[in-house]
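In this text the structure is predicted, and so the values were computed from the model without any measurement. Below, all heavy atoms of this structure are taken into account, side chains as well, without hydrogens, waters or symmetry copies.
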Amino acid sequence: MSLLMKLQGYLRSLRQYLATPKGAFDARDYLKATGFMLLSMVALAFVVKLFLGE
């Protein structure tokens, strides 16, 4: 699975989390969504750095 596909999956999960009424998710789901968000930021920074050649 490519990095871009993983990033899309993480963002889809984050969008789903944000669209869910508060209280419907438990703590594990909140931590999972937060981890996805952080991982997606790191992946995006890596891709940008890769394309800029720095």
Side-chain angles (χ1 to χ4, degrees):
M1 181 180 279
S2 73
L3 180 64
L4 183 59
M5 289 176 65
K6 286 183 182 180
L7 180 60
Q8 288 172 339
Y10 297 149
L11 292 176
R12 192 175 317 118
S13 295
L14 182 60
R15 269 188 251 125
Q16 178 184 2
Y17 168 74
L18 293 174
T20 303
K22 300 302 178 210
F25 271 46
D26 66 358
R28 287 174 295 172
D29 292 327
Y30 178 74
L31 290 173
K32 185 178 176 183
T34 303
F36 287 157
M37 184 177 67
L38 292 174
L39 188 57
S40 65
M41 285 186 214
V42 169
L44 182 61
F46 174 77
V47 169
V48 168
K49 190 173 184 178
L50 183 70
F51 282 121
L52 292 178
E54 293 182 6

Sorted by chain and residue number, the side-chain contact (heavy atoms from CB on, under 4.5 Å) partners of Met37 (sequence neighbours excluded) come out as Leu14, Met41
State yes or no: do Leu52 and Leu44 share one hydrophobic cluster built from I, L, V, M, F, W and Y residues joined by side-chain heavy-atom distances below 4.5 Å, directly or via other members? yes
side-chain contact (heavy atoms from CB on, under 4.5 Å) partners of Val47, counting only residues at least two apart: Leu3, Phe51
